[in-house]
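Structure first, then comments.
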Amino acid sequence: MGLASLSANLLFVSFVAYLVATLFFGGAVKGAKSEASYRNHRWGNVGITITIIGFITHLGYFITRWMASGHAPVSNMFEFTTAFGMMLVGAFILLFFLYRTPSLGLFALPIAIIIIGYASMFPQDITPLIPALQSHWLTIHVITAALGESILAISAVAGLIYLVKNVDMTKPSRQRFWIEAVMFTLVLVLGFVISSTTFKLTGYEAHFTYIDKNEAPAKIEYNYPPLFGMNEYEAQTPGAMKPWAEMPAIVNAKTLTTFVWSVVTGTILYIILRLIFRKPIAALFQPFAKKANSQLMDEIGYRSVLIGFPVFTLGALIFAMIWAHEAWSRFWGWDPKEVWALITWLFYAAFLHLRLSKGWEGEKSAWLAVIGFVIIMFNLIAVNLIIAGLHSYA
């Protein structure tokens, strides 16, 4: 077995381990009859053991893929997103041993599972680095930025648990609407996985030529029926569906097509789930958050930002600017990815300011943590994939 195959198998084992561990954390939450048994329930202990096994195999995937490719496996969407999921699980493991709260695992692991599932929809072939990425700063900048984002993501998990526990799901309100909006967003990611898998199984392909943002001719292959065409596109596949609209060069029409198909599929899935359960999706999770300590969730969320913010600052801004100067002879160029990294940084700076100076604790802090994660995911999905820029190769 080659290193590439071993790497793929290790990633699959970690994915299954996280699924199984989630079930045990659910059993710990539902089966606990007191605060002491909640924190030390045997199913929770089994859950964290399986999670650690999954994390070790996930780390094994990361190392073996690094060995197979000869560079840090963070150079494209598949590699970066799987690394992000691995670091999120690692951050959860650390916090679990600090606070011993099974609810954190019950909510954190499904998010990691969705992130890994999302990553698996991208091309997984090991390819040589393009010249722009052939630098030791790839490893330093991207891994540090992903680590910071994963720690910040744990604050959102804690915030979500706080909100699901404390917001009344039995009557309409703004709070219930926005929590449900977060759940809807997670269902949309599942929609991406389902739609991508469906068209992949059918073997759908459509080839086009187009003119890229540098006014150079290029080729592209669609694996979804093309709703949007690339700039000055010409179809190369006889009988292929004609795009509804042509996009300017700054927009990646292929990924916009993927995004729209995912939204449609996810929306249909959400409607089906609502019809089956006849209640908001968030209400289904409320029983699993009832035994969580609200004050503890608030503390975990705050401490995660305290740790994650400086790590993110170092990786996403400082190291990024050093690499930008080395590669392009300038520290800052207002590239879409750079702008959104700055927006993310400013948001969490505002989070800490409001928390420390204005006393925004509890529900307000929880909402900020969840919004921060939405900003991170928008950066990962929309900015990386749809808007053409210097980081489009990611």
Side-chain angles (χ1 to χ4, degrees), residues 6-32 36-65 73 81-120 143 146-162 164 186 189-190 193 285 287-289 291-293 296-297 299-301 303-304 307-308 311 369 373:
L6 175 61
S7 175
N9 290 335
L10 288 171
L11 181 61
F12 178 74
V13 170
S14 68
F15 182 85
V16 173
Y18 298 151
L19 279 173
V20 175
T22 301
L23 298 176
F24 278 98
F25 283 124
V29 171
K30 293 293 287 184
S37 64
Y38 169 74
R39 292 171 62 86
N40 295 286
H41 197 280
R42 63 182 184 277
W43 281 21
N45 293 332
V46 174
I48 191 60
T49 301
I50 296 174
T51 302
I52 293 171
I53 293 171
F55 179 75
I56 292 172
T57 57
H58 203 157
L59 188 61
Y61 143 81
F62 190 79
I63 294 170
T64 52
R65 189 172 177 95
T81 310
T82 50
F84 177 48
M86 177 185 72
M87 293 175 190
L88 192 155
V89 173
F92 154 68
I93 291 171
L94 176 62
L95 287 167
F96 180 86
F97 282 108
L98 290 175
Y99 295 102
R100 305 294 302 189
T101 173
S103 293
L104 197 63
L106 184 59
F107 282 76
L109 290 183
I111 292 176
I113 289 166
I114 290 173
I115 288 172
I116 297 169
Y118 170 71
S120 69
I143 289 181
L147 180 59
E149 289 180 346
S150 67
I151 299 170
L152 292 171
I154 293 294
S155 73
V157 174
L160 186 61
I161 295 171
Y162 184 101
V164 170
L186 294 175
V189 178
L190 293 177
V193 175
F285 292 94
F288 295 98
K291 293 175 184 175
N293 185 310
L296 185 60
M297 289 300 112
E299 180 182 343
I300 291 173
R303 289 186 179 275
S304 296
I307 298 169
V311 177
F373 184 65

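Atoms considered below: every heavy atom in the structure, side chains included; atoms not considered: hydrogens, waters and symmetry mates.
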Whether F107 and F285 hold their rings parallel, tilted or perpendicular, with breakpoints at 30° and 60°: tilted
How many angstroms lie between [atom1] in [X] and [atom2] in [Y], if you round to the nearest 0.5 Å?
X    : Y    : atom1 : atom2 : result
K30  : L106 : NZ    : CG    : 10.5 Å
I48  : I52  : CD1   : CD1   : 5.0 Å
I114 : L190 : CD1   : CG    : 4.5 Å
W43  : L23  : CH2   : CG    : 9.0 Å
L11  : L6   : CG    : CG    : 11.5 Å
L109 : I50  : CG    : CD1   : 10.5 Å

For the residue pair [X] and [Y], establish whether any side-chain heavy-atom pair is separated by less than 4.5 Å.
X    : Y    : answer
N9   : V13  : no
T51  : I93  : yes
F373 : L152 : no
E299 : N293 : no

V157 and its side chain to side chain contact (heavy atoms under 4.5 Å, CB included) partner, picked from L95, L104, I300: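 Between V157 and the candidates, side chain to side chain contact (heavy atoms under 4.5 Å, CB included) is satisfied uniquely by L104.
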Residues S14 and Y61: side-chain donor-acceptor under 3.5 angstrom: no
Between [X] and [Y], which heavy-atom pair has the shortest distance, and what is it?
X    : Y    : value
A91  : S150 : CB-O, 4.4 Å
L88  : I154 : O-CD1, 3.8 Å
G105 : P110 : O-CD, 3.8 Å
A289 : I161 : CB-O, 3.9 Å
M86  : F55  : O-CE1, 3.3 Å
G301 : S155 : O-CB, 3.2 Å

Qualifying residues under ring-ring contact (aromatic ring centres under 6.0 Å, His included), relative to F92, sequence neighbours excluded: F25, F96
Side-chain (H58) to main-chain (T82) donor-acceptor, under 3.5 angstrom: yes
Evaluation steps, side chain to side chain contact (heavy atoms under 4.5 Å, CB included), between I143 and M87: CA-CA 9 Å; I143 289 181; M87 293 175 190; 3.7 Å; yes
